[in-house]
Amino acid sequence: MSFQPPKGVDDIHLPESGIWRRVLTAWEEWSERFGYPLIITPIFESTELFERGVGDTTDVVTKQMYTFEDKGGRSITLRPEGTAGVVRAFLDSGAQGAWKAAYSGPMFRYERPQKGRNRQFYQVGVEYLDVEAPMADIEVIELGYRYIEDVGVEELELRINSLGDATCRPVYLENLRQFFKDIEEDLCDDSVALIDRNPLRILDCKVCADVVGDAPSMTDFLCNECQAHYDAVKRGLDTVGIPFIEDKKLVRGLDYYTRTAFEYIGIGLDAAQNAVGGGGRYDGLAESIGGRRAPGVGFALGIDRIVLALGEQPGEPELDIYVVSETTPADALPLVSALRRGGLAVDFDASGRSVKAQFKSAAKSGAPTTVILHGQGQDVSVRIEDDRHEIPLQEVVNWLISHK
Ligand code: AMP
């Protein structure tokens, strides 16, 4: 009997995993550069956290959660997104005042699998909490943009919108409801069901895309405070030189957004799955999960899709050096260990295969340098591409470190 991964999840091997490693390392660097310390939250939480934090009218909560009862009778859900858990952790920590965190890890949604849409997928993201100023939105949006650009996604487009707040959104929603009621016969069944419950989501419906074009836009209904916030965000993006497109129909799949909403689009990807990330402001989220008021802004980026957008790339060699031993692996061990301790990425053949087989492995590894150990106490040959150097064994470690 043999097993394959369940539907909608995959193993990730070389060469693709080499791109994953590079992209995730770059994430650590960029999030640190913008001052976001790492937070690690549980992969499962109580179901109610997501029902209240993500919104019980969303597809994520109504259709996509991996929910089960644990042996103690608690309802547990594998996290479908990262924000609710991070905000819970923030509230739980009792922190006061501006607070930042970066996370990364797998998320789980029971979706119809297709290219760029998996049941386990990997997100990186940040949350900037207890700050209401538009400066926070600008910083967060810039971080995501610079990172995605730096890892090499071409044709990146930033789309932004404002979703208003508790003052102006209800007025807009009433207008939107009326608009949809008037054209009800042109909408799909799913959209009709949303008119009363959550009309914003209809703007997102792929089937109804043609008829929602004339729907009223939130940005025409913004109250003075939301308008000023939106204008400040746009000015800030101009200041830091981030191009953006205003997309009046941009809404987000999760309920908790207020004011700023944004998406990063990889326009080279298939249109249905071309959002490589998205985020926004969620001033009401902390309260909706039972905490104090703590406005915040954040994003989540889909690493699976970023890697997809990068396409096939020549994998960078992960090794600096491959050591070939003409005698035994045991003779090579002290040298390999010393080189690794010296900071070099080194591999060798542990099983004592023929010298010819070891050279094959050296070539396959892509390591730019091959070290040939003739025997204990003898000189060592170092081959760097077509150059060959004979170095005394005692000097070879320092020699290689200085020639890195
Ligand atoms: P969301 O948490 O829905 O705002 O999604 C943020 C980003 O995560 C999206 O832009 C996608 O890049 C990625 N993402 C969301 N769902 C999936 C999925 N099922 N498979 C792969 N990536 C996903």
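What you see is a predicted model; the values in this text were computed from it and never measured. In listed order, ligands and their atoms are each counted from 1.
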Taking Arg383 for the side chain and Arg388 for the main chain, is one N or O donor matched with an acceptor at less than 3.5 Å?
->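 Not confirmed, Arg383 side chain does not pair with Arg388 backbone.
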Okay, side chain of Thr47, backbone of Ser75: is any donor-acceptor separation there less than 3.5 Å?
->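 Here the side-chain-to-backbone pair exists.
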Lys/Arg-Asp/Glu bridge criterion (N-O < 4.0 Å) met for Glu246, Lys234 |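 Looking at Glu246 and Lys234, the cut-off is met.
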With a 4.0 Å heavy-atom cut-off (strictly under), which part of [X] contacts ligand 1: side chain, backbone, both or neither?
| X | value |
| --- | --- |
| Met107 | neither |
| Glu263 | neither |
| Glu111 | side chain |

Approximate separation, where rounding is to 0.5 Å, of Ile76 CD1 and Glu45 CD =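 These two atoms lie 8.5 Å from each other.
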With atoms numbered from 1 as shown, which atoms in ligand 1 lie under 4.0 angstrom from a non-hydrogen atom of [X]?
| X | result |
| --- | --- |
| Gly277 | 10 (O), 12 (O) |
| Ala275 | 9 (C), 10 (O), 11 (C), 12 (O) |
| Ala300 | 6 (C), 7 (C) |

Got more than 12 heavy atoms from elsewhere within 6.0 Å of CZ, Arg292?
->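 Counting other residues, nucleotides and ligands, CZ of Arg292 exceeds 12 neighbours.
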Nearest to atom 20 (N) of ligand 1 by heavy atom, Asn118, Leu308, Asp59: which?
->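 Ranked by closest heavy atom to atom 20 (N) of ligand 1, first place is Asn118.
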Given Gln273, Arg305, Gln123, Glu81, which one has a non-hydrogen atom that is nearest to atom 7 (C) of ligand 1?
->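 Comparing heavy atoms across Gln273, Arg305, Gln123, Glu81, the nearest one to atom 7 (C) of ligand 1 lies in Gln123.
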Is there at least one pair of N or O atoms, one from Arg109 and one from ligand 1, spaced under 3.5 Å apart?
->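 Among all N and O atoms of Arg109, at least one is under 3.5 Å from an N or O of ligand 1.
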Are any of the N or O atoms of Val276 closer than 3.5 Å to those of ligand 1?
->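 By distance alone, the answer is yes.
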Phe68 and Tyr66: aromatic ring centres closer than 6.0 Å?
->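 So the answer is no for these two rings.
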Take the angle between the ring planes of His389 and His403 and call it parallel below 30°, perpendicular above 60°, tilted in between.
->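 Tilted.
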